[in-house]
A.B. asks: 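Just passing along the structure, written as structure tokens.
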Amino acid sequence: MPAITSSAPGKVILCGEHAVVYGAPAIALPVFNVSTKTTVVARPAAPEGAVRIIAPCVNLNSSFEEIEDNHPLRAAVSLVLKELGIARLQACEIRIGTSIPIAAGLGSSASVTVSLARALSAFLGHPLPDASINHIAFEVEKIHHGTPSGIDNTVITYQVPVYFQKGMPIEHLAIRNPFTLVIADSGWHSPTAEMVAGVRERWLADRERYERLFSKIASLSIEIKNFLLEGDLAANGNYLTRNHELLRELGVSTPLLDKLVNAALEAGAYGAKLSGGGGGGTIIALVNEASADTVTTALEQHGASRTITTTIQPPRGLQ
Ligand code: MEV
């Protein structure tokens, strides 16, 4: 049987992280400059059921049986088998490699699950549809993050810009004009679960204040969605910066993230904000062709460990 490979992108949140956990809408974009690749290869000489998972990104090189029950990779494999109604996996090796930094706000956990679920189901002869892949990735996100909103698995499964609100149908955003983001990794990585738990603790202590912040963030997501659909996000880049201010008030920014946001703005970005769980991780800066290099240099000079420039394109046919 030939080796089967599947890839999944990373993601950024353009607006609405954290508030989305409490029912506010948020906007997420796939980032194809980074990705996860999973390859599944049959081991014809190995005994039935001898499955090995090799994932250097999480320091794992083990047989399936040796991996603890609630490990996200074991859970992902089990969920694929359950979805397909298959009791036992034939002998194979599952190799996972990712260029997405872990716990950096770029969706590494959802990307790993989506690429694994797609590759494994295809290897078993029954490639799962997007809805099933998304469901599996959401279940595994719960192991990673406790109470995920579902936005990361959704944008990474469908690989298009999404306007996401818990409990509502997924809206694919057919953006009107391309725009460019510089993504800067602060080099400080912070588990999303801890950041989400911190917001929950503060929300429980002062619901009124936090719900006011969530609702201000919700209004920004609605406005930004309209700019994306009607054409002029760049002229309204300050909405991203306003989202950053509200994230600061939620307590998820850090002095380094604030410094990177300010450096991007001073270097000519239209707007900038932290993206993802915060506490470290990445910021995004909305730029144009003329400012992209200057903003990138400023971010590197102010401590970014890595930068990525990505352009989000309208769907084909709308260009
Ligand atoms: C993480 O990319 C986004 C958060 O809002 C968590 C979630 O929505 O599950 C921080």
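Both ligands and their constituent atoms are indexed starting at 1 by order of listing.
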A.B. asks: With a cutoff of 4.0 Å, is M195 in contact with ligand 1, counting heavy atoms of the residue only?
C.D. replies: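 No heavy atom of M195 comes that close to ligand 1.
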A.B. asks: Under 4.0 Å from a heavy atom of I151: which atoms of ligand 1 are those, numbered in the order shown and with their elements?
C.D. replies: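 In order of numbering, the contacting atoms are 8 (O).
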A.B. asks: Check for me whether H18 has a heavy atom closer than 4.0 Å to any atom of ligand 1.
C.D. replies: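 Contact check H18 vs ligand 1: positive.
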A.B. asks: After noting the C-alpha distance and the side-chain angles of K225 and E171, does the key distance pass the salt bridge (Lys or Arg N to Asp or Glu O under 4.0 Å) rule?
C.D. replies: CA-CA 11 Å; K225 172 188 171 185; E171 278 185 54; 2.9 Å; yes
A.B. asks: Out of S149, G279, G277, indicate the one that has the non-hydrogen atom closest to atom 9 (O) of ligand 1.
C.D. replies: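 Among S149, G279, G277, the closest heavy atom to atom 9 (O) of ligand 1 comes from S149.
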A.B. asks: Any side-chain donor-acceptor pair under 3.5 Å between T38 and S6?
C.D. replies: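 Side chains of T38 and S6: no pair found under 3.5 Å.
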A.B. asks: Using a 4.0 Å cutoff against the non-hydrogen atoms of V20, which atoms of ligand 1 qualify?
C.D. replies: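 Near V20, the atoms of ligand 1 are 5 (O), 8 (O).
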A.B. asks: With T180 as reference, evaluate T311, T310, N288, T309 under the side chain to side chain donor-acceptor pair (under 3.5 Å) test and give the passing residue.
C.D. replies: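 Answer after filtering T311, T310, N288, T309: T311.
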A.B. asks: Would E93 and R95 count as a salt bridge (Lys or Arg N to Asp or Glu O under 4.0 Å) here? Give the steps.
C.D. replies: CA-CA 6 Å; E93 191 169 282; R95 300 178 197 141; 2.7 Å; yes
A.B. asks: For K11, counting its heavy atoms only, list the atoms of ligand 1 lying under 4.0 Å from any of them.
C.D. replies: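 Reading through ligand 1 atom by atom, the close ones are 2 (O).
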A.B. asks: Number the atoms of ligand 1 from 1 as they appear, then name those within less than 4.0 Å of a heavy atom of P148, with their elements.
C.D. replies: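 Counting atoms of ligand 1 from 1, those under 4.0 Å from P148 are 9 (O).
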A.B. asks: Fit a plane to each ring of F214 and Y22, take the angle between them on a 0 to 90° scale, and name the class: parallel (under 30°), tilted (30 to 60°) or perpendicular (over 60°).
C.D. replies: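 If you compare the ring of F214 with that of Y22, the planes turn out parallel.
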A.B. asks: Looking only at distances, please establish whether an N/O atom of ligand 1 is found under 3.5 Å from an N/O atom of D152.
C.D. replies: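 Yes, there is a polar N/O contact under 3.5 Å.
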A.B. asks: Please determine whether the number of non-hydrogen atoms from other residues, nucleotides or ligands lying under 6.0 Å from atom CD of E48 exceeds 12.
C.D. replies: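 Correct, the count exceeds 12.
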